[in-house]
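Working notes for the structure below.
Letters A, B, ... mirror the listed sequences (proteins, then strands); counts begin at 1. Note that the coordinates shown come from a computational prediction; the quantities given were computed from them, not determined experimentally.
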Amino acid sequence: MSIEPKLYRGMRDYLPQDMLSREKMLEKVRETFRRWGYAPLATPAIEFKEILTGKYGDMADRLIYDLKHKSGLALRYDLTVPLARVVAMYPNDFPTPFKRYQIQEVWRAERAQPRQGRFREFLQCDVDIVGSDSPVADAEIIALSVQLLAELGFPNAVTRVNHRSLLRGLMEISKIPPEREIEVCRIIDKLDKVGKTGIYEELLTGGYPQKCVDTLFDIILCSGENRELLDFVEDRYSDNERIIGGIKNLREVLKLVSDFGIPSDLLKVDLSLSRGLDYYTGTIFESANAEQPHIGSLTGGGRYDDLIGIFSGKQIPAVGITIGLDRILAALKDAGKLEERTTSTRVLVTVFDEKLFPDSIGLATELRKAGIPSEVYLETRKLKQQFSYADKLGIPFVAVIGEDEKKKGVIALKDMKTGEQENLTAREIIELAK
RNA sequence: GUGGGUGUAGCUCAGCUGGUUAGAGCGCCUGACUGUGGAUCAGGAGGUUCGGGGGUUCAAAUCCCCUCACCCACCCCA
């Protein structure tokens, strides 16, 4: 009687063919962050529940994994709140501004949907700037994420941007009470999915006066080239401070992002973008690949000037973004752009017979010393099987040292792609397999 | 949480107006090829018998009920 091997929904095993591309991607990501001067940080998987709850919103609070094992503990839901906790906990250990990146798992108790890249456990990758309220910080975060996205295989991913205070201003004008803002935001956020008549009806059935809804619609349905759109809204609502402030800030950020060398058509002002998390206060942004609408957002973030204050007592501004690495991987896989290798080995050194093991092992050692990923076949099976092994794993070269080769002092090297084989020295192999 | 779909060999699936030993393709193993893969050809293994439980029937993978798992959509987001 055996136990059925199974996995909780939304959890995944990463088999070698997945892990090789995953690790490669992670190396690229980490390298990019360091190139921009960000410092790494790690925090525990488990936090006190009170640290996490009440920061994300009612909806999200329900998705926090509660640890039944000991009361008062929970699994982290994102990396932003832990960052806020850390900054408040060690006030003297960080420079200002503090730029950090963090790549760790987070857990969300929601319904998983693997093909859309939605999991209960997934790798989040956050970059944040703490301690600066300059629009340059917002712009840098956006520019960094757009550039990284391009490097990871999504050069055309569009980042939609909006501003919380602009949204709040619009709510004021539409006479929507502050406590219902978030609810309204969630509804209008669905604009591109449900369509305008869909959300119009949802708002009406939600009990909002038609007049309010109409006013709101007048604004959020506006679209157009970024600058024109902002000009238009500014012009029309020039008496609302929040709107004017939001627009001014947004304009600065957009300008700065282009100073970072980001093509302006990759950024799109979208007045219906709201983002579900409560803690955002200023710019908000979210990116997706237009060619894969079913995948969902690839990155998302914004400015959260009040979050750290909850822990530290004094207000410390911050802005950051999450890069959805697991989702990016899922999107690449979905698009068939993921090269799936199952090994990093470049040369398989076959073993002719027991007596020649030292020769084969010696060759592999020499190759490794030269930086060529190599492995020795571990048993004296037929060459046929050894070659077949190389073929299955996609190893590009196979080396054979038999009696003949040993006598001549050469190694037979077969190029598995072309099928050609020639006798070479170890040094020649190193050159070839590099 | 709500709605829909699927569940048969390792994988993708066919079989489903109920009827003898449940099939195909791919994969896997062996050999032709006794120092060499990927092609071809010839064999072969593999299903506790059709997710699990119950029911109808002389007889069920096939019909009915329940259950579980997975997938899709919604919700929400990375």
Side-chain angles (χ1 to χ4, degrees), chain A residues 1-2 4-10 56-64 77-80 103-127 145 149 152 157 182-183 185-187 189-190 193-194 198 202 273-277 284-289 293-301 320-331 348-353 356 377 380-406 412-421 423:
Chain A
M1 197 49 193
S2 59
E4 187 198 349
K6 56 182 180 182
L7 218 44
Y8 179 54
R9 188 191 175 117
Y56 306 110
D58 296 342
M59 285 283 214
D61 272 4
R62 267 179 277 144
L63 301 180
I64 296 173
Y77 179 85
D78 74 351
L79 302 178
T80 308
I103 303 174
Q104 288 189 282
E105 312 282 347
V106 302
W107 294 269
R108 294 186 184 179
E110 64 189 328
R111 198 140 183 87
Q113 209 112 90
R115 256 199 70 228
Q116 296 177 5
R118 243 170 84 196
F119 311 98
R120 287 183 171 138
E121 174 185 76
F122 60 96
L123 199 60
Q124 261 203 344
C125 164
D126 277 34
V127 239
S145 69
L149 226 37
L152 296 180
I182 290 170
E183 185 189 344
C185 280
R186 287 221 180 86
I187 296 174
D189 195 46
K190 289 187 276 184
K193 269 188 188 166
V194 186
E202 195 172 341
L273 174 71
S274 66
R275 310 230 358 109
L277 301 178
I284 47 181
F285 28 85
E286 189 171 307
S287 75
N289 181 20
H294 59 286
I295 295 281
S297 56
L298 300 176
T299 69
I321 193 165
T322 294
I323 318 273
L325 291 183
D326 271 330
R327 187 165 282 177
I328 286 169
L329 235 21
L348 173 74
V349 182
T350 59
V351 176
F352 199 77
D353 60 34
L356 290 166
Y377 197 81
T380 53
R381 295 235 182 88
K382 290 178 188 165
L383 280 181
K384 185 187 173 98
Q385 280 168 311
Q386 304 192 39
F387 270 83
S388 172
Y389 171 82
D391 184 54
K392 263 176 227 159
L393 288 177
I395 298 172
F397 297 101
V398 176
V400 179
I401 307 175
E403 299 292 352
D404 298 350
E405 286 80 11
K406 191 174 182 182
L413 188 79
K414 181 160 182 172
D415 181 328
M416 295 295 276
K417 205 162 185 177
T418 63
E420 282 163 29
Q421 180 169 321
N423 288 338

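The interatomic distance linking A/Leu298 (CG) with B/A78 (C1') rounds to 8 Å, in whole Å. Rounded to whole angstrom, the span from the CD1 atom of A/Ile401 across to the C1' atom of B/U36 amounts to 15 Å. For the pair A/Asp415 CG and B/G37 P, the computed distance is 15 Å after rounding to whole Å. Atom CG in A/Leu273 sits roughly 12 Å away from atom C1' in B/C77 (whole-Å rounding).
Out of B/A78, B/C29, B/G31, the shortest distance to the side chain of A/Phe119 is found at B/A78. Closest contact between the side chain of A/Gln113 and the listed nucleotides B/G37, B/A78, B/C72 involves B/C72. Between B/U36, B/G37, B/C77, one nucleotide has an atom nearer to the side chain of A/Gln421 than all others, and that is B/U36. Of all nucleotides listed (B/C76, B/G37, B/G1), B/G37 comes nearest to the side chain of A/Lys414. Here the nucleotide nearest the side chain of A/Ser388, chosen from B/C76, B/G37, B/G31, is B/G37. Closest to the side chain of A/Met416, out of B/A73, B/G37, B/G35, is B/G37. Of the candidates B/C29, B/U36, B/A78, B/A78 carries the atom nearest the A/Phe122 side chain, counting heavy atoms from C-beta on. Comparing B/G31, B/U36, B/G1 by their nearest atom to the side chain of A/Val400 picks out B/U36.
The same atom, C1', is picked in B/C28 and in B/G38; the two are 16 Å apart, to the nearest Å. One P atom belongs to B/A59, the other to B/G54, and the distance between them is 15 Å to the nearest Å. Here, B/G7 and B/C11 have their P atoms 14 Å apart, quoted to the whole Å. Nucleotides B/A9 and B/G47, compared at atom P, are 11 Å apart to the nearest Å. As rounded to the nearest Å, B/G23 and B/C70 have C1' atoms that lie 24 Å from one another. With P as the reference atom, B/U34 and B/U30 are 13 Å apart, rounded to whole Å. The separation of B/A24 from B/U36, taken at their C1' atoms, amounts to 33 Å, rounded to a whole angstrom. B/C68 and B/G53: their P atoms are spaced 15 Å apart (whole Å).
A donor and an acceptor atom, one from each side chain of A/Thr299 and A/Ser287, are located under 3.5 Å apart.
Considering only side-chain N and O atoms, A/Gln385 lies under 4.0 angstrom from the phosphate OP1 or OP2 of B/U30. A sub-4.0 Å separation between OP1 or OP2 of B/G38 and a side-chain N or O of A/Lys384 is absent. Between A/Arg275 and B/A78, a side-chain N or O to OP1/OP2 separation shorter than 4.0 Å is present.
No donor-acceptor contact under 3.5 Å links the side chain of A/Arg62 to the base of B/C76. Between the side chain of A/Glu110 and the base of B/A78, a donor-acceptor pair under 3.5 Å is found. Side-chain atoms of A/Asp391 and base atoms of B/G37 include a donor and an acceptor less than 3.5 Å apart. No N or O donor and acceptor, one from the side chain of A/Arg111 and one from the base of B/C75, sit under 3.5 Å apart.
Nucleotide B/U20 has no partner under the Watson-Crick or G-U criteria, as no pair reaches both atom distances under 3.5 Å. Shown here, B/A73 forms a base pair with B/U2; the pair counts as Watson-Crick or G-U wobble because both key distances fall under 3.5 Å.
Closest approach of A/Leu298 and A/Ala331 over heavy atoms only: CD2-CB, 4.3 Å.
Judged by distance alone, the side chain of A/Arg327 and the main-chain N or O of A/Ser297 form a donor-acceptor pair under 3.5 Å. Of the possible donor and acceptor atoms, none in the side chain of A/Asp326 sits under 3.5 Å from a partner among the backbone N and O of A/Leu329.
Each of A/Ile323 and A/Glu405 has a nearest nucleotide on RNA chain B; the 5'-most of these lies closest to A/Glu405. When each of A/Glu420 and A/Thr299 is assigned the nucleotide of RNA chain B with its nearest heavy atom, A/Glu420 is the one assigned upstream, toward the 5' end.
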